[in-house]
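To keep things clear, I will list the structure first and then write my remarks on it.
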2 protein chains.
Amino acid sequence: MFTKACGRYDVNVADEDHGALIRRQRRDVPQQMTKPQLDRGAGKPSRRERVREATLVEIKEIARRHLVEHGAAGVSLRAIAREMGMTAPGLYRYVSGIDSLLVLITADMFGELAAAVAAADASVPSEDTDLRILTSLRAFRSWAVTHRAEFATMFGPRVRLAPETDVTPALEAGRRFGATFYTLFDRLLAEERFPLPDGDRITPELARELRAFADTCGFSAPHIPVEAIMVLSTCWVRLYGVVCMEVFEHLNFVMRDMEPLFESELQNILTGLGVRYRTPESSTPVTMSTPD
Amino acid sequence: MFTKACGRYDVNVADEDHGALIRRQRRDVPQQMTKPQLDRGAGKPSRRERVREATLVEIKEIARRHLVEHGAAGVSLRAIAREMGMTAPGLYRYVSGIDSLLVLITADMFGELAAAVAAADASVPSEDTDLRILTSLRAFRSWAVTHRAEFATMFGPRVRLAPETDVTPALEAGRRFGATFYTLFDRLLAEERFPLPDGDRITPELARELRAFADTCGFSAPHIPVEAIMVLSTCWVRLYGVVCMEVFEHLNFVMRDMEPLFESELQNILTGLGVRYRTPESSTPVTMSTPD
DNA sequence: GGTGTTTGCTAACGGTGTTCACTAAAGCGT
DNA sequence: ACGCTTTAGTGAACACCGTTAGCAAACACC
């Protein structure tokens, strides 16, 4: 059984594979190796670069809209080009294929999510760590449920992408997103809010993985004990679980509104972290129409 | 902006929509309304029914193989038909489209997962509730990591299916799968292993959702308190989270082996349930080559 | 103005889901 | 055994999809 690269995915063909299988090296963004001859590298972008950047942004915007309107499977280069008044092959001057376009917008979306969380975080007094955490986590869920399609492509299985696609831009953005929480967690740690779990319940293998986790994610202030990293992982897993379950609608037929369950989980998680939980109403810095 | 039903997904077209939009009622399995005239309803299936059933099974088998080999996006009616030595339209005698085929195999996979868990459960002494739970949950993860593509389509976002697709068969199967765990949980409850959480931390909204959950899932032995249902939900969310995170490979670049983290979460969950945790080695009923 | 880069188009190939009209076969009743 | 009905499967067609190759116009720079 041979596989031949044809169309969108490699797909088995019944008959023999005629000729050698040539997997061409994909030129990432074609014909762009020579910069605008003049070395204006450090200076302001040339007119060409500006308009180029603009159309790339337009491509991504339309792709994004198609994503939310028709789901990940509904994003297609041809439809995007049609809407822009050009043809699909033209887009290859900007993106090296549908896969890389999806990766690009995924990276963008991580940026947006991070910004949304950061904005929520900044909207409360910076010295109130408890409230900041509470607000940030709620903002995460809010963004997720109001951006279901986006969340699914960011945090769901990579079902659309060909397996060999390079996803590092998205990973990078995801890493940066994670950093949003690390600083808050670091504060909790510094304030010694919660007791670290029993160290001898952490097997050597787990310790190794946790160390790798902390190192790769950059937040390895050298003193951080593995126990703390484990707590962070656990919390993240629980948050991820409850939000995924809501966005992927796996309890849909059984639970109409998932917010109460989320709040309950949130309460559990925070309590374990020594953070005071407040109900959504009581935690908003009430400017509730106090008539003066 | 009009949308026209064309090809796989509704997609916006730039030009006007010529003619009325006729959304034909999809006949579920065509030309099968009249049973084989003779009323052999209760008797053994007719020869026709048997061969029909056989080809349906073949279709699903091939689809399944393509799913694991090329991912969900790689399952196509044309490829399946090609492999069976027939043409794509012929498959419409058996399935009403690619979507319903995917739903069908999803339902099958829930059945297999449930069977795998049940088999693991049955492989340990039935009176040892602790070990049964431990084994069942580990079996769940095992199945998930050895059937990643399947797990992704079962528990991930419905990214491939058109939004209006009827997924009830899959949901039904999922519900049956859940029941695998309910009985075990019921035992825990009966044995009063863990203290129920504070009832007044459960808001009325949450209580209502939890009740609905229990009712719909059938395991509403009328005495079950909402507190217990909440514990069950929490556990399920955590299990779901850690397994999803592993299968969807969201910590891939940061953690090579996720098993230690899973075991750690498992330990946390079980401890909260009053179930004794045992490491994988110590929990296997050791027949470890004791030379006689 | 000439020259080289960049952009976008057309045409083409091979893939997809789905419908429709049709043939051939199988099953059933008499 | 014959005829009728129901079914299985085909081929052509339509509207999509991603991607490549070759070419012509637009642009930037000298």
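Keep in mind it's a predicted model, so treat the numbers as computed, not measured. Each chain gets a letter, A, B and so on, in the order the sequences are listed, and its residues count up from 1. In what follows, every heavy atom counts, from backbone to side chain, and hydrogens, waters and symmetry copies are set aside.
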For [N] and [X] - does any side-chain N or O of the residue sit under 4.0 Å from the phosphate oxygens OP1/OP2?
X     : N      : answer
B:R82 : C:dT16 : yes
A:R47 : D:dC27 : no
A:T87 : C:dC9  : yes

Tell me: [atom1] of [X] to [atom2] of [N], nearest whole Å?
X     : N      : atom1 : atom2 : answer
A:H66 : D:dC16 : NE2   : C1'   : 14 Å
A:I59 : C:dG8  : CD1   : P     : 8 Å
B:L77 : D:dT10 : CG    : P     : 14 Å
A:I98 : D:dT20 : CD1   : P     : 13 Å
B:L91 : D:dA8  : CG    : P     : 12 Å
B:R93 : C:dA25 : CZ    : C1'   : 13 Å
A:I80 : D:dT19 : CD1   : P     : 11 Å
B:M86 : C:dA25 : CE    : C1'   : 14 Å

Counting heavy atoms from C-beta on, name the nucleotide in D:dT10, C:dA11, C:dG17 closest to the side chain of B:Y92.
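That would be C:dG17.
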Kindly point out which of D:dG9, C:dT10, D:dG18 is positioned nearest to the side chain of B:Y94?
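Between D:dG9, C:dT10, D:dG18, the one nearest the side chain of B:Y94 would be D:dG9.
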Measure the acute angle between the ring planes of B:Y182 and B:F213, then classify it against the limits of 30° and 60° as parallel, tilted or perpendicular.
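If you compare the ring of B:Y182 with that of B:F213, the planes turn out perpendicular.
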In terms of relative ring orientation, are B:F140 and B:F155 parallel, tilted or perpendicular, with 30° and 60° separating the classes?
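Rings of B:F140 and B:F155: perpendicular, over 60°.
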Quick one, A:R175 and B:F253 - any side-chain contact, counting heavy atoms below 4.5 Å?
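Yes, at least one pair of side-chain atoms sits under 4.5 Å.
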Regarding A:E112 and A:H147, is there a side-chain donor-to-acceptor distance under 3.5 Å anywhere?
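There is no such pair between these side chains.
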Can you find an N or O donor on one side and an acceptor on the other, under 3.5 Å apart, linking the side chain of B:R48 with the base of C:dG27?
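A donor-acceptor contact between them is absent.
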For the base of C:dG15, is there a side-chain donor-acceptor partner from B:R78 under 3.5 Å away?
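It does not, because no donor-acceptor pair links the side chain of B:R78 to the base of C:dG15 below 3.5 Å.
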Could you check B:A88 against B:V51 and say which one's nearest nucleotide on DNA chain C is further toward the 5' end?
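Comparing both residues, the 5'-ward one is B:A88.
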Heavy-atom donor-acceptor pair, A:H250 side chain to B:G156 backbone, under 3.5 Å:
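Side chain of A:H250 to backbone of B:G156, a donor-acceptor pair under 3.5 Å: yes, one is there.
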